[in-house]
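As a basis for the values below, the full set of heavy atoms in this structure was taken, side chains included, without hydrogen atoms, waters or symmetry mates. Per chain, numbering begins at 1; letters A, B, ... match sequence-line order.
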Amino acid sequence: MPCTCCIIPNDVLTRLSQDKKLSATLRKQLVDTVQVSHELRELRNQAAKLTSVTAARSAGLVTLAAAPSVTAYDCKHTQSLPGTPVPKPKTSSDGSVKRAFNQTGKVAKFYQQVFNRNSIDDHGMTMMSSVHFGEKYNNAMWNGSQMIYGDGDGSIFVDFTRGSDVIGHELTHGVTQHSLQLAYSGDAGGLNESISDCFGSMFRQWESKQDVKKADWLIGRDIMGAAAKKKGFTCLRDMADPAAKHCLAPQPTKYSQITPGMDPHYSSGPPNLAFYTACTTLGGYSWARIGQVWYHSLTGFGPTPNMTMKAFAARTRQGAHTLYPGEAAVFAAVDAGWKKIGL
Amino acid sequence: MDRLKIERVGGVAGFGGPHLKSRGELALSDLSAADQKAVEQLFAEPDKVPAARRGQADAFSYRITRGAQTIEVPEHAVPSAIRNSVKDVLE
Ligand SMILES: [Zn+2]
């Protein structure tokens, strides 16, 4: 079986494949890897084109798949993707596999029942997760086609699959990729991150049937390790109070405090606070009205990769009128949210 | 010019902020010949670093400093010896 790691650049692989100090077998495998990498790249380019076409034309298509497939892979502490397929993840004795699988299925259900969305791309795309990525890897991510979860170092963070909001956050990056297609820097980057926090938090609230008052609005509470908790950090971010001392990653609270080049995990603070404020101003369940307005603004207009926060705010204000023409309180809540952060 | 200072930033937790850091340091000469060449290439043409995948989010990137020059490279383009050199700490 040839090595098919996609992390090593092709020119390095090519150079190694010509290195006479390596065995003929290994050199042959390296040549094979370059070929596979090339094919994968082609596949990715095709996938990107498909993303654009489906985003542009999806409105008229009929959705046939009932529920998307959910799959799980085990990276076995390497950084090779996707890793080894897990045949029966639902009943796996491996907690990470089981959590990633079950929670991903629930996120699918959340998007289906609450937003009538069929999976990440709204066309039944398979939801794929790889767990045990790397050694004590302190991260979870969306790589453009699947979710990836590290085990955490056991000190600052525990296993990233322990956060249902983290799983909802990562999957929502896929939804954004297949709708608004937001960039990952500037205003659009902050919005991209905020949308993942908003829907990750909403999923966590929906799972526990919490209304906006009962919800804690924390992101990453369930992945904090003992060393972080000991220092008083109870979460990564707090949507209700982005600059709070208990946040491991405290954020700005006003749009005017966002600076050029800021990491999107920090510039997401103001729009997170806008969403929280809108939800709590209106009351009830976050996903019932304000969540619908945000979802409509995310998925109802095709791609706008460089969308500004101001434009997104205007779209949600308009969306409140469009979706709930007879409910002035929805518009008022959305308006109060954006005004709170200076937009 | 042999020392490389490395800082890993980003990720879903927002490494590089006030409390969460990931840093490392190593000597270029300690790397394998292939990795040394890869690093030289990154510094020579930092704009030619392979772009992140479309739609990708929450991936780490690495700020690598040599002398007065600092480049930022997405994780997928960073040699594993550099990736493994960092240690995550709370501040
Ligand atoms: Zn994210």
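Listed by chain and number, the residues in a ring-ring contact (aromatic ring centres under 6.0 Å, His included) with Phe233(A) are His19(B) (sequence neighbours excluded). Applying the ring-ring contact (aromatic ring centres under 6.0 Å, His included) criterion to His77(A), with sequence neighbours excluded, gives His132(A).
The two residues Val49(B) and Ala77(B) come nearest to each other via the heavy atoms CG1-CB, 3.9 Å.
The choice from Gly14(B), Ala59(B), Gly10(B) that makes the most heavy-atom pairs within less than 4.5 Å of chain A is Gly14(B). Options Gly11(B), Gly55(B), Gly17(B), Ala57(B) differ in how many heavy-atom pairs under 4.5 Å they form with chain A, and the most are formed by Ala57(B).
Heavy-atom proximity under 4.5 angstrom to chain B picks out Asp263(A), His265(A), Tyr266(A) from residues 258-272 of chain A.
A donor-acceptor contact shorter than 3.5 Å is absent between the side chain of Asp121(A) and the backbone of His178(A). No donor-acceptor distance shorter than 3.5 angstrom exists from the side chain of Arg8(B) to the backbone of Phe15(B), with no hydrogens or angles considered.
By the 30° and 60° cut-offs, the orientation of the rings of Tyr62(B) relative to Phe60(B) is perpendicular.
With a threshold of 4.5 angstrom between heavy atoms, Ala183(A) does not approach chain B through any atom at all.
The salt bridge (charged side-chain N to carboxylate O under 4.0 Å, His left out) analysis of residues 183-200 of chain A, with sequence neighbours excluded, yields the pairs Asp197(A)-Arg237(A).
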